[in-house]
Structure formats: C-alpha cells, structure tokens
Visitor: 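Pasting a structure here, questions to come.
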Amino acid sequence: MSEQTVPTPPPRPADTALAAIGHPVPVADPADSSPHTFPDGGRWRTEIPSVEGPEALRVVLEEAAALEVPVHRVSQGSGVWMLTDEEITDMVAACAAADVELCLFTGPRGTWDIGAGTRTDSGGTGPRARGHDAVAGCVEDALRATALGVRCLLVADEGVLWLLHRMRAEGALPADTTFKVSALIGPVNPASVAVYERLGGDSVNVPSDLTLQHLTEVRRVSRVPLDLYLEAPDDLGGYVRMHEIAELIRRGAPIYLKFGLSRAPGIYPYGRQLREAALAGARERVRRGRLALDLLARLTGDRGPAETGMSPLGSRLPGTLERFGVPAPQGGG
C-alpha cells in the first residue's frame with residue numbers, strides 16, 4: 001500500500017452554478033482527504049456484487065463491454081457450496097480471460113442455520129458461523145474454492161477470518177489468496193476496521209450508512225481497502241449515494257465502489273427459480289455503474305477513469321497491511 005500527496009478536493013455538484021447566484025457552498029477541508037492508495041497508485045476500483053453463477057457472470061461481462069464499464073472484481077453472495085465444481089471452474093476461466101477478480105462467499109452462515117436468534121428482532125449473532133461444524137464448513141469451502149483457482153474469498157465471521165489468515169500464512173491456502181470482509185458484518189468505527197485488518201482482512205466492507213466524516217476517521221487509523229455500496233440492496237438499507245462518488249473516493253481511498261441495486265428481490269441462496277431476477281439484476285448493476293462513473297467524470301471535468309485515480313484493470317492485491325502475529329503451530333505431546 002502506498003501513500004501519495006493528498007489530493008485537492010473535487011468540486012461538489014452544482015458548486016459553480018450556486019456560487020454564480022451568490023448561494024454559499026461548503027468548502028472542503030483538504031485535511032479530510034485520505035493519503036492512502038492501492039499499491040499500483042490507484043485510489044479506486046470497481047465491484048459488481050451478487051453475480052451468482054456462470055450465466056450471470058457472462059451477462060455482467062457482456063454488459064460491461066457494451067457500456068464501457070471497467071470492472072475489477074465480481075463477487076457472489078450465495079456461497080461456494082451453492083456452486084458445482086464445473087460452475088466454479090467456468091467462472092474462474094471467464095474472469096481470467098477478462099482480467100477480472102472473482103470473489104466467492106464462504107459458508108455456512110448463521111442466518112440460514114437452525115438457530116432461532118437470527119429470527120428475533122435483535123438479529124442474534126447474524127451471519128456468523130455457529131459452532132465448530134459451521135466454522136469447518138467455511139474452511140472446507142475455502143480449500144475447495146482455492147483448489148479450483150479462486151483467489152478471493154468473502155468471509156462473514158471474525159473467527160473464520162483469523163483461521164483462514166493463519167492457513168494462508170502457513171501455506172495451507174495460496175499466499176496470494178485475499179479475504180474480503182462481508183457487508184453483513186461490516187464494522188462501523190475506526191477501531192473495528194483496524195481489528196478486521198489485523199485479523200487478515202484484505203478489504204473490509206463498511207456499511208453504506210457511514211458518514212463522510214466516519215470514513216475520514218477510519219483513514220486516520222487504517223489503510224486497508226474499503227468496500228462500499230454506492231447503492232445498497234434493500235436488506236442493507238437501500239441507500240443510494242452515487243451523487244457522493246467523488247467525495248467517497250477522496251475520503252475513503254483506497255476504495256472499491258460497489259454497484260449494488262435497491263428495490264430488487266433478494267436472491268440468496270440463488271437457484272434457477274430466481275434466474276430472471278438474477279440476470280436482470282446483473283445487467284442493471286452494470287448500468288448503475290455506468291451512471292455513477294458518468295457522474296464522476298462530470299464532477300472532475302470529464303476526465304477518464306485513469307485520470308480520476310482508477311487502478312489499472314486487472315489489479316487485485318491490497319498491498320502491505322497490519323496483522324496480528326500468527327501463533328506458531330502446536331507440537332505433539
């Protein structure tokens with residue numbers, strides 16, 4: 001992870017027009033800008049979430065080519081266990097050909113388990129892995145996916161993240177495997193983000209209702225790449241923040257801009273009964289990306305993606321991050 005000169009705050013929407021009629025506009029503080037970048041020098045990358053299988057992936061790649069939307073990463077939400085080996089290898093090959101990172105979710109997760117706590121108003125333990133067998137299931141998913149060529153895994157449990165990081169450090173998982181902390185357990189303060197980084201997170205999905213000031217606070221303690229929905233699914237709030245894209249990049253860099261979709265049916269765990277919704281959603285997520293990037297270009301004087309700080313396509317590694325020490329393996333007695 002590198003640092004660079006703090007960027008000049010970009011114009012806010014309609015600043016010039018409002019100033020022309022004497023309406024006061026807020027002045028951005030350069031001190032709020034993140035000094036951090038990805039190791040390639042870029043400040044932002046893109047992600048298309050909820051890409052649930054080879055067919056949806058083909059739709060995303062075709063639509064991205066047609067609309068000229070740069071895609072760094074696609075992620076799947078149903079889980080490794082919901083895909084056959086053939087489907088996984090198909091997706092790995094398609095992403096490799098397009099120079100796009102593929103990220104698959106590890107499971108099981110508590111929200112689909114038999115525990116009643118997640119059905120209460122409090123939500124109980126949420127998506128975390130309940131008991132040893134659930135943890136072992138997540139580890140098995142990681143082993144299976146990486147053996148089939150997947151190099152990015154979504155994780156929704158702190159303990160699972162720590163175990164997978166230790167396995168990576170000890171060579172049981174490929175050294176270039178990256179772990180993405182799920183939006184389902186996204187931390188909401190700087191100290192929590194720093195803990196997820198030290199547990200092995202290579203990008204951390206923070207909730208989309210964090211304020212701009214919250215992002216600045218995070219960047220004062222951690223340089224781990226952040227994932228943030230510019231438009232969140234309804235079950236994560238349904239927030240639409242495309243109009244803040246330039247400011248989110250300035251404060252949150254290095255950041256993955258996630259092109260989600262509100263007012264859309266939930267499709268997890270995905271199956272063919274949801275095919276039409278999944279494909280339509282995949283196509284529209286790419287279109288939302290086009291809208292967001294067009295807005296970014298207008299705010300920055302119609303500059304292209306690379307000129308506004310986009311990482312080169314094909315970039316995926318996060319750079320050097322802070323970690324807790326990995327304990328030595330226990331010897332036999």
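Side-chain atoms are counted along with the backbone in the values below, which use heavy atoms only and exclude waters and symmetry mates.
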Visitor: Might you confirm whether atom CD of Glu68 has over 12 heavy atoms from other residues, nucleotides or ligands at distances under 6.0 Å?
Guide: no
Visitor: Leu215 and Leu226: which non-hydrogen atoms are nearest, and at how many Å?
Guide: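 Smallest heavy-atom distance, with atoms named: CD2-CD1, 4.1 Å.
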Visitor: Is Arg73 paired with Asp227 through a side-chain N to carboxylate O contact shorter than 4.0 Å?
Guide: yes
Visitor: Can you tell whether the side chains of Asp29 and Arg251 come within less than 4.0 Å, N to carboxylate O?
Guide: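 No salt bridge links Asp29 with Arg251.
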Visitor: Take atom CZ of Arg272 as the centre, draw a 6.0 Å sphere, and report whether it contains more than 12 heavy atoms from other residues, nucleotides or ligands.
Guide: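 No - once you tally the heavy atoms of other residues, nucleotides and ligands closer than 6.0 Å, there are 12 at most.
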Visitor: Salt bridge check: are Arg144 and Asp85 linked by an N-O gap of less than 4.0 Å?
Guide: yes
Visitor: Going through the checks in order, is the salt bridge (Lys or Arg N to Asp or Glu O under 4.0 Å) test met by Glu62 and Arg58?
Guide: CA-CA 6 Å; Glu62 290 169 1; Arg58 284 192 291 274; 5.7 Å; no
Visitor: Which atom pair, heavy atoms only, marks the closest approach of Ala145 to Leu153?
Guide: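 Closest approach of Ala145 to Leu153, heavy atoms only: CB-CD2, 3.9 Å.
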Visitor: If you apply the rule side chain to side chain contact (heavy atoms under 4.5 Å, CB included), what do you find for Leu248 with Trp44, and how did you get there?
Guide: CA-CA 10 Å; Leu248 290 167; Trp44 57 273; over 6 Å; no
Visitor: Using a strict 4.0 Å threshold on nitrogen-to-oxygen distance, state whether Arg275 and Glu55 make a salt bridge.
Guide: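 So Arg275 pairs with Glu55 through a salt bridge.
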Visitor: Determine whether a donor-acceptor pair (N or O, by modelled atom type, separation under 3.5 Å) exists between the side chain of Glu52 and the backbone of Ser78.
Guide: yes
Visitor: Do you know which of Ser311, Pro254, Ser34 makes side-chain contact (heavy atoms from CB on, under 4.5 Å) with Arg43?
Guide: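 Among Ser311, Pro254, Ser34, the one that satisfies the side-chain contact (heavy atoms from CB on, under 4.5 Å) with Arg43 is Ser34.
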Visitor: With no hydrogens and no angle check, is any side-chain donor or acceptor of Ser182 less than 3.5 Å from a backbone partner on Val155?
Guide: no
Visitor: Check the hydrophobic clustering (I, L, V, M, F, W, Y; side-chain heavy atoms under 4.5 Å; chains of links allowed) and say if Leu261 and Leu293 are grouped together.
Guide: no
Visitor: State whether the number of non-hydrogen atoms from other residues, nucleotides or ligands found under 6.0 Å of Glu86 atom CD is greater than 12.
Guide: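 Atom CD in Glu86 is not packed in, count stays at 12 or less.
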Visitor: Would you say Ser192's side chain and Val188's backbone share a donor-acceptor pair under 3.5 angstrom?
Guide: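 Such a contact is absent between Ser192 side chain and Val188 backbone.
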Visitor: Run the side chain to side chain donor-acceptor pair (under 3.5 Å) test on Glu231 and Tyr239 for me, step by step, so that the C-alpha distance in whole Å, both residues' side-chain angles and the decisive distance to 0.1 Å come before the verdict.
Guide: CA-CA 6 Å; Glu231 179 174 350; Tyr239 313 109; over 6 Å; no
Visitor: Between Arg241 and Glu244, is there a side-chain N and carboxylate O pair less than 4.0 Å apart?
Guide: yes
Visitor: Quick test of your reading of the model: are Glu47 and Lys180 salt-bridged, counting only N-O distances below 4.0 Å?
Guide: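 The answer is yes: the pair qualifies as a salt bridge.
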Visitor: Less than 4.0 angstrom from a charged side-chain N to a carboxylate O is my criterion; do Asp202 and Arg316 meet it?
Guide: no
Visitor: Salt bridge (Lys or Arg N to Asp or Glu O under 4.0 Å) for Asp302 and Arg298? Distances and angles first, verdict last.
Guide: CA-CA 5 Å; Asp302 289 319; Arg298 290 195 298 273; over 6 Å; no
Visitor: Would Phe38 and Tyr256 count as a ring pair (Phe, Tyr, Trp, His ring centres under 6.0 Å) if you check the C-alpha gap in whole Å, the side-chain angles of each, and the deciding distance to 0.1 Å?
Guide: CA-CA 10 Å; Phe38 288 105; Tyr256 280 88; 5.5 Å; yes
Visitor: Yes or no on side chain to side chain contact (heavy atoms under 4.5 Å, CB included) for Arg45 and Asp40, after CA distance, side-chain angles and deciding distance?
Guide: CA-CA 11 Å; Arg45 295 174 183 171; Asp40 51 58; 2.9 Å; yes
Visitor: Take a 6.0 Å sphere around CZ of Arg287 and say whether it holds more than 12 heavy atoms from other residues, nucleotides or ligands.
Guide: no
Visitor: Apply side chain to side chain donor-acceptor pair (under 3.5 Å) to residues Ser50 and Tyr270 and explain how you reach the verdict.
Guide: CA-CA 9 Å; Ser50 302; Tyr270 173 72; over 6 Å; no
Visitor: Is a donor on one side and an acceptor on the other found under 3.5 Å between the side chain of His214 and the backbone of Thr211?
Guide: yes
Visitor: Between Ser33 and Arg250, is the side chain to side chain donor-acceptor pair (under 3.5 Å) condition met? List the steps.
Guide: CA-CA 5 Å; Ser33 298; Arg250 179 175 80 89; 2.7 Å; yes
